[in-house]
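Just below is one structure, and these are the notes that go with it.
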Amino acid sequence: MKEDLRPRTIEEAHEIQRALKKKLKITSPKKAPQLIAAADAAFSDDFVFAAGSLYRYSPLVHMEDAFTREKARFPYIPGLLAFREGHAIISAIGKLTVAPDLVLIDGQGIAHPEGFGIASHIGVILGIPTIGCAKSRLIGEYEEPGPIKGDWTYLYHRGARVGAVVRTRSFVMPLFVSPGHLADIESSVEIVLKCTSGFRIPEPLRAADRLSKKMRRDYAGSPALDK
DNA sequence: GCGACAG
DNA sequence: ATCTTGTCGC
């Protein structure tokens, strides 16, 4: 699986994406998750700092954090984000002492040109439910949702519903939510909204974002931190 | 050929 | 994502 996130070429990355997509499952979840984690990454000149933040779900209660630092080996290419930060994110999640039931990822799920964004990629590799939560659109057409928190519309691509455009805070730019793995559009919207209060970004993702940036401040130039 | 393009 | 000054609003 390590190889599935560290291709040598763009062509190889596309092959991996197509192969892993065969294991993708979009379904309505049976049980509500008890533990939700969120992951995000920050970058310095040559490192990627990934952070994972774990919460008890409903109500949201912070449990623990974890992070990793590794060399950035793949460029950012729209559609291939998983190959730039996926490996580090999975590593950070793996450092949590308790495994989450679901993970929120900063990026797209199936609302992706190949139907396999970073949230789907991570979900398939980890074998657990994931939800993509992006701040902007990668693909798809949609109608602007209403202006109040909780308003949302479907995101369509090639005639199919691939996600939702969700107003997580009144009168603020919406978020692009799409199921990653073992989730569906409606449950993804519900979970994202339940994880959000006061801010545009869901609390677990805000925590992961803060931590990844703090780690960059603290360790951007440290020689030996890797194991 | 031109425009779009998660982080 | 990152860089980076001022500005608007709670």
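Chain letters run A, B, ... following the sequence lines, proteins first, then strands; residues in each count from 1. Atom set for the values below is all heavy atoms of this structure, side chains included, hydrogens, waters and symmetry mates excluded.
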When rounded to whole Å, the CG to C1' distance for the pair A:Leu138 and B:dC5 reads 7 Å
Rounding to a whole Å, what distance do you find between A:Glu114:CD and B:dA6:P? 15 Å
Centroid distance below 5.5 Å plus an interplanar angle below 30 degrees: do A:Tyr76 and B:dG7 meet both conditions? yes
Length of the CD1-C1' vector between A:Ile77 and B:dA4, whole Å: 15 Å
Taking OP1 and OP2 of B:dG7, is either one under 4.0 Å from a side-chain nitrogen or oxygen of A:Ser136? yes
Interatomic distance where OH belongs to A:Tyr142 and C1' belongs to B:dA4 [whole Å]: 13 Å
Starting at CZ of A:Phe199 and ending at C1' of C:dC10, how long is that distance when rounded to a whole Å? 11 Å
Does A:Arg84 have a side-chain nitrogen or oxygen under 4.0 Å from the phosphate oxygens OP1 or OP2 of C:dA1? no
Length of the line joining A:Ile105:CD1 and B:dA6:P, which is rounded to integer Å: 17 Å
Under 4.0 Å, counting only non-hydrogen atoms across every strand here, what does A:Gly132 touch: a base, just sugar-phosphate, or nothing? nothing
So which nucleotide from B:dA4, B:dA6, B:dG7 ends up closest to the side chain of A:Arg137? B:dA4
Is it true that A:Glu203 and A:Arg210 make a salt bridge, defined as a side-chain N closer than 4.0 Å to a carboxylate O? yes
Stepwise ring pair (Phe, Tyr, Trp, His ring centres under 6.0 Å) test for A:Phe176 and A:Tyr142: CA-CA 10 Å; A:Phe176 293 76; A:Tyr142 63 96; 5.4 Å; yes
What contact category does A:Ala42 fall into here, base, sugar-phosphate, or nothing, at under 4.0 angstrom with non-hydrogen atoms? sugar-phosphate
Is A:Lys135 near enough to B:dA6 that one of its side-chain N or O atoms lies under 4.0 angstrom from OP1 or OP2? no
Is the side chain of A:Asp101 donor-acceptor paired with the backbone N or O of A:Gln34 at a distance under 3.5 Å, no angle test? yes
Can you check whether A:Ala183's main-chain N or O pairs, donor with acceptor, with A:Ser187's side chain at less than 3.5 Å? no
Closest approach to the side chain of A:Phe43, judged atom by atom: which nucleotide of C:dA1, B:dG7, B:dC5 is it? C:dA1
Expressed in angstrom and rounded to an integer, what is the separation of A:Met215 atom CE from C:dA1 atom C1'? 18 Å
Measure the distance from CD1 on A:Ile118 to P on B:dG7 and round it to the nearest whole Å. 10 Å
Could you walk me through whether A:Val124 and A:Asp4 pass the side-chain contact (heavy atoms from CB on, under 4.5 Å) check? CA-CA 11 Å; A:Val124 166; A:Asp4 292 338; over 6 Å; no
